[in-house]
Every structure is written in C-alpha cells, then in structure tokens.
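Both backbone and side-chain heavy atoms feed into the values below; hydrogens, waters and symmetry mates do not. The residues of the chain are indexed from 1 along the displayed sequence. What you see is a predicted model, and the numbers here were worked out from it, not measured in a lab.
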Amino acid sequence: QVQLVESGGGLVQAGGSLRLSCVASGRTISNYGMGWFRQAPGKDREFVATINWKGGSTFYADSVKGRFTISRDNAKNTVALEMNSLKPEDTAVYYCAVARATFPSRQSSSYAYWGQGTQVTVSS
C-alpha cells in the first residue's frame, strides 16, 4: 500500500508560479511511473503530466506544455510539479498518482494509488 500526500497548492495571481510536491510513504515509488492529474469544478479529472520511473521520459497535456515541469527524486520518494505562467483555467484540485508500471501514462486507469489532492486557485 502506498500513501501519497500532496502539498504546495494555494491562491496565486495569473502569471504567477507554484510548486506542488507529492511525498509517498509505505513503499518505494522508484520503480513506477508517476503522474499528476487535475479536476476543476464540474469537470472530469484530466491528465496533466507524467514521468517514467527513472525520470528521463516526461509527457504533458497540450494545455500545460511549456509552462509545467514534472520531476522526481527517487531517493526522497517524491514527485514535483513546477507550474509557471499560471492561468485562471489552471484552477483545479491537483492529484498525484503512482502508476501500475514503470512507464508513464496519460490514462488515469493506469494508476493504482492516488493522493487526496491539493487546491490550486489562479485569480485573474
């Protein structure tokens, strides 16, 4: 069993930056892909970014490409999401997740464990 705890969310003005962190406990995540997803009010959960087990392969949703960066520190059992040039449409609850395999995935069904989420609000 893996427990995930996200942090770093908050209220920021458009154009600002936030860094989300996700700490895993209960088991090492170094052998698994990791992902970030988000869910805005009234919308389905959507893919944001994913990274493979070594950290050498990353993929992003088109809506965040060039603004967000996913990274991981396997020694610390953590994954981060650096978010720059934030827009009001980035407002959502952000979730980190552990994949079922080593490779990254855009599909939520590929993930076995999820955190509780952290709220990000971007004001215009």
Side-chain angles (χ1 to χ4, degrees):
Q1 195 75 5
V2 178
Q3 292 78 44
L4 301 171
V5 178
E6 302 97 335
S7 62
L11 173 63
V12 64
Q13 288 188 332
S17 300
L18 284 174
R19 180 179 174 85
L20 305 184
S21 293
C22 175
V23 180
S25 61
R27 195 168 81 187
T28 179
I29 60 170
S30 60
N31 297 324
Y32 300 93
M34 296 291 294
W36 284 95
F37 290 75
R38 67 187 182 186
Q39 187 167 19
K43 295 187 176 181
D44 293 334
R45 187 174 297 185
E46 66 173 2
F47 164 75
V48 176
T50 183
I51 188 168
N52 74 333
W53 68 290
K54 279 190 174 181
S57 179
T58 58
F59 298 93
Y60 299 90
D62 288 344
S63 58
V64 307
K65 199 173 296 182
R67 300 187 297 121
F68 290 13
T69 303
I70 187 171
S71 62
R72 67 188 299 162
D73 185 337
N74 286 341
K76 296 182 179 180
N77 235 25
T78 60
V79 63
L81 185 69
E82 186 75 34
M83 306 186 295
N84 298 314
S85 302
L86 283 162
K87 304 175 181 180
E89 51 263 44
D90 294 318
T91 295
V93 177
Y94 284 71
Y95 301 89
C96 70
V98 182
R100 303 177 194 276
T102 61
F103 48 84
S105 175
R106 300 172 182 266
Q107 304 300 321
S108 60
S109 58
S110 298
Y111 292 83
Y113 300 100
W114 295 80
Q116 293 299 306
T118 184
Q119 176 70 47
V120 171
T121 303
V122 184
S123 63
S124 57

query = Given side chains that start at C-beta, do those of L4 and Y95 come closer than 4.5 Å, heavy atoms only?
reply = no

Over 12 non-hydrogen atoms of neighbours within 6.0 angstrom of CD in E46 = yes

inquiry  = Do F47 and Y113 land in one hydrophobic cluster if side-chain heavy atoms of ILVMFWY residues count as linked below 4.5 Å?
reply    = no

Within-4.5 Å side-chain heavy-atom neighbours: M83 and V12 = no

request  = Test side chain to side chain contact (heavy atoms under 4.5 Å, CB included) on T91 and Q119 and set out the steps.
outcome  = CA-CA 8 Å; T91 295; Q119 176 70 47; 4.0 Å; yes

note = Using a 4.5 Å side-chain heavy-atom cut-off and chaining through intermediate ILVMFWY residues, the residues clustered with L11 come out as none

request  = Kindly write out the residues that satisfy salt bridge (charged side-chain N to carboxylate O under 4.0 Å, His left out) with R67, not counting sequence neighbours, or none if the list is empty.
outcome  = D90

task = Apply side chain to side chain contact (heavy atoms under 4.5 Å, CB included) to R45 and W114, showing your working.
result = CA-CA 12 Å; R45 187 174 297 185; W114 295 80; 3.0 Å; yes

request  = Provide the full list of side chain to side chain donor-acceptor pair (under 3.5 Å) pairs with a residue in residues 48-58, sequence neighbours left out, each pair given once.
outcome  = T50-Y111

Residues 14-23 side chain polar contacts: donor-acceptor under 3.5 Å, at least two apart:
unit_1: S17; atom_1: OG; unit_2: N84; atom_2: OD1; d: 2.8
unit_1: R19; atom_1: NH1; unit_2: E82; atom_2: OE1; d: 3.0

message = Taking salt bridge (charged side-chain N to carboxylate O under 4.0 Å, His left out) as the definition, give me every residue that meets it alongside K43, ordered by chain and number, with sequence neighbours left out.
response = none

Name the atoms and distances for all side-chain donor-acceptor pairs under 3.5 Å in residues 102-109, with sequence neighbours left out.
unit_1: S105; atom_1: OG; unit_2: Q107; atom_2: N; d: 3.0
unit_1: S105; atom_1: OG; unit_2: S110; atom_2: OG; d: 2.8
unit_1: R106; atom_1: NH1; unit_2: Y60; atom_2: O; d: 3.2

query = Shared ILVMFWY cluster between V122 and V48, side chains joined below 4.5 angstrom?
reply = yes

